[in-house]
Asks: 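Before anything else, here's the structure in question.
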Protein chains: 2
Amino acid sequence: MEKQKKKKVDRRVQYTKMVLRQSFIDLLEKYPISKITIKSICEKADINRTTFYAHYADQYDLLNQIKQELIDDVHVYLANFTFHDNKSESVQLLNKIFEYIKENSKICSVLLNDTTDAAFYEQIMAIVQNLCMEQLTKKAFNQNTVDYIISFAATGSIGLIRKWLDTGMKEPTYTMAEIILKLTNQGLTAFV
Amino acid sequence: MEKQKKKKVDRRVQYTKMVLRQSFIDLLEKYPISKITIKSICEKADINRTTFYAHYADQYDLLNQIKQELIDDVHVYLANFTFHDNKSESVQLLNKIFEYIKENSKICSVLLNDTTDAAFYEQIMAIVQNLCMEQLTKKAFNQNTVDYIISFAATGSIGLIRKWLDTGMKEPTYTMAEIILKLTNQGLTAFV
DNA sequence: TTGATACTAAACAATGTGTTGATTTTTTGT
DNA sequence: ACAAAAAATCAACACATTGTTTAGTATCAA
């Protein structure tokens, strides 16, 4: 009963956050984050600078919130799916992810190119892990080695996605899902 | 004859650059680059701010020069080796690299954690590519797919190294060289 | 020693930062 | 429709950093 009352978000707040976020992303496409000032974000968004500070500590805080929203968004997007170790299911699921990335390619490009924040990176990796490496953790590998393999596969997948985004998301001979699954699953067999 | 005269670098310049660089790296270990001011670097180094501007445009320029020096350093470090597709040679070579990283773990940690700069990333990836993926390009794969695989393996390797650095460079059950080679080579076989 | 080069110190305008308090506008609940 | 609450605005503020200039000093290489 207590948490039932979800505070309705003020329309103004919604608008302010939306427009600040959008300005910021637009700027991020043109300039490195180090050159983007709070002032410039606010001017582009036509929002008072004082208002910015009411919502965010600084640019990086704004960036983090954008990241978090994306993570949540992806989780919602995938929530409907049930997981099986059936291979075609994995492919289907990964395809769904690439569909999502394609739809949100603009923001994904920006966010994946900034990997200074380890937390975001690891959350993305966690998603990949859950999708592609179920069988990995089940088998009785040496845990130490497993961690390294997971790092490799997860980071590699992100690199793959970045390349895909940078080159205009052209579908290669194999689908992205196929490539990822083949590379990860096959890589594992080296350690069985 | 023309280019023979290599200008001797002034000792003062050498000292200035060295101490600025060192201060910067020290600060990078403690604070995110966005919080590091030119002023703070200079104060720590006890160098006049005007002098900083004589050598670097800003913090990011300094960072780039540090990166470039590291790349050059690695190339020199590996220059003595000759390449074979003999497997044990590859292992030896990779071990050499991990030796280098271990010796320079402080700076490597800092530099590898900032991947906003694609150029540096790609130069590191190029080294990994040349070392581990000779046989890859030789085979008649579909070029489109090859590019993706290279991205995956190279980025994955960097992720692996980052993890290794973050966890104190403990030697896992398999050596790092073994893991990288197994994962990359094995991953390839999926596309033969 | 000498000429060249590099560093320092001080001052400068320009820009961005983060916070304040008073005021206006919009939303929400009744 | 109205009053209370919440949010955005505005102007002003002290402050820090930036990047550049100028003149003087110290160090270097030869």
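In the text below, chain A, chain B and the rest are named by the order of the sequence lines, each starting its count at 1. In what follows, every heavy atom counts, from backbone to side chain, and hydrogens, waters and symmetry copies are set aside.
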Asks: Will you find, in the side chains of Gln68(B) and Asp72(B), an N or O donor that is under 3.5 Å from an N or O acceptor?
Replies: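 Result is yes, a qualifying pair exists.
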Asks: Between atom NZ in Lys17(A) and atom C1' in dA8(D), what is the gap in whole Å?
Replies: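 Distance, rounded to whole Å: 14 Å.
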Asks: From the options Thr51(A), Asp46(A), Thr50(A), select the one residue that forms a side chain to side chain donor-acceptor pair (under 3.5 Å) with Asn48(A).
Replies: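 For Asn48(A), the side chain to side chain donor-acceptor pair (under 3.5 Å) test succeeds with only one of Thr51(A), Asp46(A), Thr50(A), which is Thr50(A).
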Asks: CD1 of Ile38(B) versus P of dA16(D): gap in Å, rounded?
Replies: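 Between P of dA16(D) and CD1 of Ile38(B): 17 Å.
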Asks: Might you work through the side-chain contact (heavy atoms from CB on, under 4.5 Å) test for Leu112(A) and Ile158(A), ending with a clear yes or no?
Replies: CA-CA 8 Å; Leu112(A) 286 179; Ile158(A) 292 179; 4.1 Å; yes
Asks: Whole-Å distance between dA7(D) P and Gln14(A) CD?
Replies: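 Between P of dA7(D) and CD of Gln14(A): 12 Å.
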Asks: Give the rounded distance in Å between these two atoms: OH of Tyr56(B) and P of dC7(C).
Replies: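 The distance from OH of Tyr56(B) to P of dC7(C) comes to 10 Å, rounded to the nearest Å.
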Asks: Within this structure, what is the OH-to-P distance between Tyr53(B) and dC7(C), rounded to whole angstrom?
Replies: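 It works out to 16 Å between those atoms.
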Asks: When you match Thr51(A) and Ala57(B) each to their closest nucleotide on DNA chain D, which lands nearer the 5' end?
Replies: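 The residue closer to the strand's 5' end, by nearest nucleotide, is Thr51(A).
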Asks: Specify the separation, in whole Å, of atom CZ of Phe52(B) and atom P of dA6(C).
Replies: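 Atom CZ in Phe52(B) sits about 17 Å away from atom P in dA6(C).
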Asks: State whether His55(B) places a side-chain N or O below 4.0 Å from either non-bridging phosphate oxygen (OP1 or OP2) of dC7(C).
Replies: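 Answer yes for this pair, as a side-chain N or O of His55(B) is under 4.0 Å from OP1 or OP2.
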Asks: Taking only the side-chain nitrogens and oxygens of Lys39(B), find out if one of them lies under 4.0 Å from OP1 or OP2 of dT17(D).
Replies: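 It does, given that an N or O in the side chain of Lys39(B) lies less than 4.0 Å from OP1 or OP2 of dT17(D).
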Asks: Are any of the side-chain heavy atoms of Tyr148(B) and Thr167(A) separated by less than 4.5 Å?
Replies: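 With C-beta onward as the side chain, the pair touches.
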Asks: Provide, to the nearest angstrom, the distance between the CG atom belonging to Leu27(A) and the P atom belonging to dG16(C).
Replies: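 The distance from CG of Leu27(A) to P of dG16(C) comes to 13 Å, rounded to the nearest Å.
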Asks: Quick one: Asp46(B) CG to dA9(C) C1', roughly how many Å, whole number?
Replies: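 Going from CG in Asp46(B) over to C1' in dA9(C) covers 13 Å.
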Asks: Might you work through the side-chain contact (heavy atoms from CB on, under 4.5 Å) test for Ile180(A) and Phe98(A), ending with a clear yes or no?
Replies: CA-CA 11 Å; Ile180(A) 284 192; Phe98(A) 278 100; 3.8 Å; yes
Asks: Any idea which of dG16(C), dA8(D), dT9(D) is nearest the Thr37(A) side chain?
Replies: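 Of dG16(C), dA8(D), dT9(D), dG16(C) is nearest to the side chain of Thr37(A).
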Asks: Closest approach to the side chain of Val13(B), judged atom by atom: which nucleotide of dT17(C), dT18(D), dA6(C) is it?
Replies: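 Nearest nucleotide to the side chain: dA6(C).
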Asks: What does the B/S/- profile of nucleotides 21-27 of chain D look like, 5' to 3', with a 4.0 Å heavy-atom cutoff to protein?
Replies: B----BB
Asks: Hey, what do you get for CZ (Arg21(B)) to CD1 (Ile107(B)), rounding to the nearest 0.5 Å?
Replies: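 Between atom CZ of Arg21(B) and atom CD1 of Ile107(B) there are 4.5 Å.
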Asks: Starting at the 5' end of DNA chain D and moving along, which residue's nearest nucleotide shows up first, Arg49(A) or Gln59(B)?
Replies: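 Between the two, 5'-proximity favours Arg49(A).
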Asks: How long is the straight-line distance from CZ of Arg12(A) back to CD1 of Ile47(A), given to the nearest 0.5 Å?
Replies: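 Going from the CD1 atom of Ile47(A) to the CZ atom of Arg12(A) covers 11.5 Å.
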